[in-house]
Structure formats: structure tokens, C-alpha cells
Amino acid sequence: MSKRRRYWLMKSEPDAFSIDDLERVGTEPWNGVRNYQARNFMRDGMQVGDGVLFYHSNTKPPGIVGTATVASHAYPDETQFDPSSHYHDPKATREEPRWFLVDVAFERKLSRIITLDEIKSHADELGDEFALIRRGNRLSVFPVSAAHYKFLLSLE
DNA sequence: GCCAACGTTGGC
DNA sequence: GCCAACGTTGGC
């Protein structure tokens with residue numbers, strides 16, 4: 001069993017939850033993910049202490065704005081059980097939860113945004129396997145290699 | 001606000 | 001199991 005730190009990129013729309021919000025609250029349950037692949041990364045791949053690139057999506061400009069750490073193992077997303085929640089899933093039960101999340105803890109804000117444009121300008125170094133700049137990528141949670149994590153932060 | 005690129009759903 | 005219809009994401 002490897003204890004080696006893994007790295008991830010997690011997207012959030014700043015209107016809904018920004019890096020400043022995370023700084024304010026310190027730790028946040030990453031609720032509302034309703035994509036199976038993203039869920040599987042959180043449920044099966046994440047370990048406490050893993051590094052997270054915090055990305056602002058659907059804003060101008062989109063880009064990496066900070067870092068965070070995985071602060072819990074995966075557990076059921078409470079919002080799936082709440083009929084009044086936007087994220088309610090009528091097919092989920094407490095016996096068989098469908099959606100899982102981890103807690104994410106604030107680490108730091110970057111001194112500046114590493115914009116999507118800038119990341120794209122380094123496509124040659126990052127290569128095709130970097131999911132963020134692959135065509136049509138909509139995943140909100142995905143793994144980043146240690147080398148890519150280091151490279152992206154070196155752009156700061 | 002538009003729309004491409006998906007993922008999901010449900011009829012068959 | 002196929003696939004059309006629909007909903008969502010997220011850059012632009």
C-alpha cells in the first residue's frame with residue numbers, strides 16, 4: 001500500500017464556491033458531484049493528504065487559483081438524501097448511497113491566477129494526457145501527475 | 001447567451 | 001443492447 005501523495009484537480013464555479021470561500025471556512029465537504037467518474041476518483045483514489053489544484057471554472061478568466069488538500073476519506077454526500085437539496089437523488093438510499101465526497105482543506109491561494117490560456121500555451125510540455133486541455137473535457141475532478149502538479153505551480 | 005461535447009435516461 | 005432525446009458542463 002503506497003503512502004505516496006497523489007494529486008488532483010478540482011473545479012468549482014466561483015459564484016457557487018470560490019477559493020476565498022474555502023479560505024474562510026477552512027474545510028468543506030465537496031458535495032454536489034453527480035458524475036460517476038468524478039465520484040470514483042474521490043471514493044476510490046483519494047487519500048488524506050493528497051494535493052489538490054483548485055480551479056475556477058465558468059468564470060473570466062478560468063484557471064488555477066490555489067491549492068488544497070484532501071482532508072477525509074470518502075463518505076456519503078448528505079445532499080443526496082435531502083429532498084429540498086438541489087443535489088437530491090431520489091434513487092439513493094442510506095443503505096445504498098450513490099454519491100460520495102471527501103472533505104477538502106484550504107492550503108493557500110496562489111499569488112496570481114494560472115489561467116487556462118496560459119496552461120494551454122504549455123500544451124507541448126504537458127502532453128495529451130493532461131485532461132484539462134483535452135478536447136471536450138468536462139470532468140470536475142481528475143488526477144494530475146506529480147510532475148504536472150509541480151510544473152503547473154512552477155508557472156506561478 | 002450560444003453551443004460543442006459530452007453523460008444519462010428510457011423506449012423499444 | 002441500441003440510440004434518440006434530453007440535460008449539463010464550461011469555454012467562448
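Order of the sequence lines fixes the chain letters, A, B, ..., with proteins taken first and strands second; residue numbering starts at 1 for each chain.
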* Asked: Regarding A:S57 and A:E13, is there a side-chain donor-to-acceptor distance under 3.5 Å anywhere?
  -> no
Exercise. Should the ring pair A:F17 and A:F54 be called parallel, tilted or perpendicular, given that the plane angle runs from 0 to 90° and is split at 30 and 60?
Worked result: tilted
For this session: Inspect the contact between A:R98 and A:D77 and indicate whether a charged nitrogen and a carboxylate oxygen are less than 4.0 angstrom apart.
Result: no
Can you check nucleotides 4-9 of chain C for protein contacts, nitrogen or oxygen pairs under 3.5 Å, and list what you find?
unit_1: C:dT8; atom_1: O2; unit_2: A:R138; atom_2: NH1; d: 2.5
unit_1: C:dT9; atom_1: O3'; unit_2: A:R138; atom_2: O; d: 3.3

Whichever of A:Y36 and A:N58 has the more 5' nearest nucleotide on DNA chain B, that residue is A:N58
A:I133 CD1 to C:dG11 P, in whole Å, measures 13 Å
When rounded to whole Å, the CZ to P distance for the pair A:R135 and C:dC12 reads 13 Å
### Task
Kindly assign one of parallel, tilted or perpendicular to the pair A:W8 and A:F41, based on the angle between their ring planes and the thresholds 30° and 60°.
tilted
query: Charged N to carboxylate O under 4.0 angstrom, A:D44 versus A:R39?
result: no
Taken to the nearest whole Å, CG/A:L116 to C1'/C:dG10 is 10 Å
Looking only at the side chains, is there a donor atom on one of A:R24 and A:S18 sitting less than 3.5 Å from an acceptor on the other? no
